[in-house]
Chemist: 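Take a look at the following structure, please.
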Amino acid sequence: MPHINYESKELAFKMVYYGPGLSGKTTNLVYIHKALEAGRRGDIITLDTEEERTLFFDFFPLDLGRIGGYNIRLHMYTVPGQVYYEASRRLILDGADGIVFVADSQQDRLNENVNSFRMLQENLGDYGVNWKEFPLVLQYNKRDLADILPLGTLEGQLGLNGIPVLEAVAIAGTGVMETIRVASREVIERFQM
Amino acid sequence: MNEDAAQNPGPVTHILSSLIERSGALTALLVSKEGMVITEAGDTSYLNTTAMAALVAGMFSATREVARIVGEKHFSILLQQGESRHIHISLIHDSKMMVLIFEDHQRIGLVRYEARRAGEELNSILMPTLKPSEAEQISTPQFKEYALNLIDRIFQAK
Ligand SMILES: Nc1nc2c(ncn2[C@@H]2O[C@H](COP(=O)(O)OP(=O)(O)OP(=O)(O)O)[C@@H](O)[C@H]2O)c(=O)[nH]1
Ligand SMILES: [Mg+2]
């Protein structure tokens, strides 16, 4: 459920980029931030290690515009993908309204993708959310590389039927805007107060 | 519980403003555990409150986990001491944080006392309920259609 502030007339949806380490979550967020007009975005916060691995989260607020007197915002987050940061990941997911699962398309990353998705299911379950009814899109990132998983691999292994699937090359920005467009549409279409 | 107060946010601002006055603090923020600013009072001109709220919520949720690990339900107060500015954060209702930024560290006792008092007042008026009539207006088909149009426009592929 989105977060509504009657006093400042704001409605905010929390979008979370989730996925295994190095899959390109931060790259997605940074690209979106750069691509937007300055008036639509607040400063980006990145809490990362010296090696630029996300340590806690990346965040920026994104203004969609005004509807019926309310300012509609997306609060954009990434989680840290490294297995080690499980506790932090779970915290960031709390209160999420929509999720982009950023998979690493490289064939040798199949297990990491599957394990990360299982963890996501578990994390959502902890918050009493059934992921099957949750706004969730799957992005196959790094389509520029050789030896990549064919589309359908993860859906098959994970039993994901009918969730939106997108291809991306986040370093070049390809598919990044389309992914957030589809993900935020899912959130808007499904939300109920 | 006072239902009117929960629906009308005025009293929350009032509590924070008088907290500022009595404690001599610079800024007071009420932040949801999801990292949104609910109410602010005092001087916020030097502060990116949106970023602040996201970070404070992260800090607090991390601290809560740390508390759990040592067998506490939560730590109800977080204090960060700087060179010239200090931050006092207290947990309200288990789901909100009241952030006080102050400069005179000598006043920590006063800040603590006033923060507790304001916290009790907030506890008694804040309810995690929505205002149903307004909430209904927001999830209407028309609202959704506008929102979808905005999304399509803003996220056009480049
Ligand atoms: N070839 C290729 N590399 C990419 C792509 N997207 C991201 N990368 C690279 O992958 C590496 C990791 O990207 P990040 O965005 O930091 O990954 P992350 O998912 O945020 O990683 P964690 O924060 O550790 O979870 C970087 O070196 C990126 O440049 C892509 O589409 N193709
Ligand atoms: Mg990252």
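Predicted, not measured: the structure shown is a model, and the values here were computed from it. Proteins get letters first, then strands, A, B, ... in listed order; numbering begins at 1 in each.
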Chemist: Give the minimum heavy-atom separation between A:Phe57 and B:Ala54, together with the two atoms involved.
Modeler: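 So the minimum-distance heavy-atom pair works out to CZ-O, 3.6 Å.
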
Chemist: Does A:Val187 share a hydrophobic cluster with A:Leu120, counting links as ILVMFWY side-chain heavy atoms below 4.5 Å and allowing steps through other members?
Modeler: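 A:Val187 does not cluster with A:Leu120.
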
Chemist: Grouping I, L, V, M, F, W and Y whenever their side-chain heavy atoms are under 4.5 Å apart, do A:Leu136 and A:Tyr18 come out in a common cluster?
Modeler: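 Hydrophobic grouping puts A:Leu136 with A:Tyr18.
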
Chemist: So what's closer than 4.5 Å to chain A heavy atoms on B:Ser61: side chain, backbone, both or neither?
Modeler: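 Contact with chain A involves both backbone and side-chain atoms of B:Ser61.
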
Chemist: When only pairs under 4.5 Å are counted, which of B:Gln142, B:Met36, B:Glu145 shares the most heavy-atom pairs with chain A?
Modeler: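 Heavy-atom pair counts peak at B:Met36.
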
Chemist: So do the side chains of A:Leu62 and B:Phe155 get within less than 4.5 Å of each other, counting heavy atoms only?
Modeler: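 They are in side-chain contact.
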
Chemist: So which part of B:Ile151 gets closer than 4.5 Å to some heavy atom of chain A, the side chain, the backbone, both or neither?
Modeler: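 Both backbone and side chain.
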
Chemist: Is A:Phe60 in contact with chain B via its backbone, its side chain, both, or neither, using a 4.5 Å heavy-atom distance?
Modeler: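 For A:Phe60, no heavy atom lies under 4.5 Å from chain B.
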
Chemist: Are A:Ile148 and A:Leu22 linked, directly or through intermediate hydrophobic residues, by side-chain heavy-atom contacts shorter than 4.5 Å (ILVMFWY only)?
Modeler: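 Cluster IDs for A:Leu22 and A:Ile148 differ.
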
Chemist: Could you have a look at A:His75, A:Glu10, A:Gln192 and say which one has the most heavy-atom pairs with chain B under 4.5 angstrom?
Modeler: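 Most heavy-atom pairs within the cutoff with chain B belong to A:His75.
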
Chemist: Counting C-beta onward and ignoring hydrogens, is there a side-chain heavy-atom pair between A:Ile188 and B:Tyr146 closer than 4.5 Å?
Modeler: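 No, every pair of side-chain atoms sits at 4.5 Å or beyond.
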
Chemist: Is the number of heavy atoms from other residues, nucleotides or ligands under 6.0 Å of A:Asp144 CG greater than 12?
Modeler: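 Counting neighbours around CG of A:Asp144, more than 12 heavy atoms of other residues, nucleotides or ligands fall under 6.0 Å, so yes.
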
Chemist: In terms of hydrophobic clustering (I, L, V, M, F, W, Y; side-chain heavy atoms under 4.5 Å; direct or indirect links), are A:Leu154 and A:Trp131 co-clustered?
Modeler: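 Per the 4.5 Å side-chain linkage, A:Leu154 and A:Trp131 are co-clustered.
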
Chemist: Of the backbone (N, CA, C, O) and the side chain (C-beta and beyond), which part of B:Glu65 lies under 4.5 Å from a heavy atom of chain A, both, or neither?
Modeler: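 Looking at B:Glu65, just its side chain touches chain A.
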
Chemist: Could you look at A:Ile45 and say if it's the side chain, the backbone, both or neither that has a heavy atom under 4.5 Å from chain B?
Modeler: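 It is the side chain, since no backbone atom gets that close.
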
Chemist: Using a 6.0 Å cut-off, check whether atom CZ of B:Arg85 has over 12 heavy atoms from anything other than its own residue.
Modeler: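 More than 12 within 6.0 Å, yes.
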
Chemist: Counting only non-hydrogen atoms closer than 4.5 Å, does A:Asp97 touch chain B with its backbone (N, CA, C, O), its side chain (CB onward), both, or neither?
Modeler: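 For A:Asp97, neither part sits under 4.5 Å from chain B.
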
Chemist: Do A:Val176 and A:Leu29 sit in the same hydrophobic cluster, where Ile, Leu, Val, Met, Phe, Trp and Tyr count as joined when their side-chain heavy atoms come under 4.5 Å apart?
Modeler: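 Yes, because A:Val176 and A:Leu29 connect within a single hydrophobic cluster, where side-chain heavy atoms sit under 4.5 Å apart.
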
Chemist: Between A:Ile44 and chain B, which part of the residue has a heavy atom less than 4.5 Å away: side chain, backbone, both or neither?
Modeler: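 For A:Ile44, there is no contact with chain B at all, as no heavy atom is under 4.5 Å.
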
Chemist: Take A:Phe59 and B:Thr50 through the test side chain to side chain contact (heavy atoms under 4.5 Å, CB included) and record every step on the way to the result.
Modeler: CA-CA 10 Å; A:Phe59 164 80; B:Thr50 309; 4.1 Å; yes

Chemist: Go through it in stages, so that I can follow the logic: the residues are B:Ile154 and A:Glu37, the test is side chain to side chain contact (heavy atoms under 4.5 Å, CB included), and I'd like the CA-CA distance, side-chain angles, deciding distance and then a yes or no.
Modeler: CA-CA 9 Å; B:Ile154 294 167; A:Glu37 310 154 42; 6.0 Å; no

Chemist: Chain A heavy atoms under 4.5 Å from B:Asn48: which part of the residue, side chain, backbone, both or neither?
Modeler: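 Looking at B:Asn48, just its side chain touches chain A.
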
Chemist: Would you confirm whether A:Lys14, through its side chain, and B:Gly35, through its main-chain N or O, come within 3.5 Å as a donor-acceptor pair?
Modeler: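 Absent.
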
Chemist: Does OH in A:Tyr127 sit with more than 12 non-hydrogen atoms of other residues, nucleotides or ligands closer than 6.0 Å?
Modeler: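 Counting other residues, nucleotides and ligands, OH of A:Tyr127 exceeds 12 neighbours.
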
Chemist: Look up atom CG in A:Asp94 and atom OG in B:Ser95, then write down how far apart they are to the nearest 0.5 Å.
Modeler: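 Between A:Asp94 CG and B:Ser95 OG, I get 10.5 Å after rounding to 0.5 Å.
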
Chemist: Could you grab the distance from atom CD of B:Glu34 to atom CZ of A:Phe13, nearest 0.5 Å is fine?
Modeler: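 One finds 13.5 Å between CD of B:Glu34 and CZ of A:Phe13.
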
Chemist: I need the minimum non-hydrogen distance between A:Arg190 and B:Lys144, along with the two atoms involved.
Modeler: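 Nearest heavy atoms, A:Arg190 then B:Lys144: C-NZ, 4.2 Å.
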
Chemist: Of the backbone (N, CA, C, O) and the side chain (C-beta and beyond), which part of A:Phe191 lies under 4.5 Å from a heavy atom of chain B, both, or neither?
Modeler: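 Contact with chain B is through both the backbone and side chain of A:Phe191.
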
Chemist: Report which part of A:Ser88 has an atom under 4.5 Å of a heavy atom belonging to chain B: side chain, backbone, both, or neither.
Modeler: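 Answer is neither: A:Ser88 stays 4.5 Å or more from chain B.
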
Chemist: Where on A:Ile92 is there a heavy atom nearer than 4.5 Å to chain B: the side chain, the backbone, both, or neither?
Modeler: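 Interface part for A:Ile92: neither.
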
Chemist: Is the closest side-chain heavy-atom distance between B:Phe60 and A:Leu91 below 4.5 Å?
Modeler: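 Counting from C-beta outward, B:Phe60 and A:Leu91 never come under 4.5 Å.
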
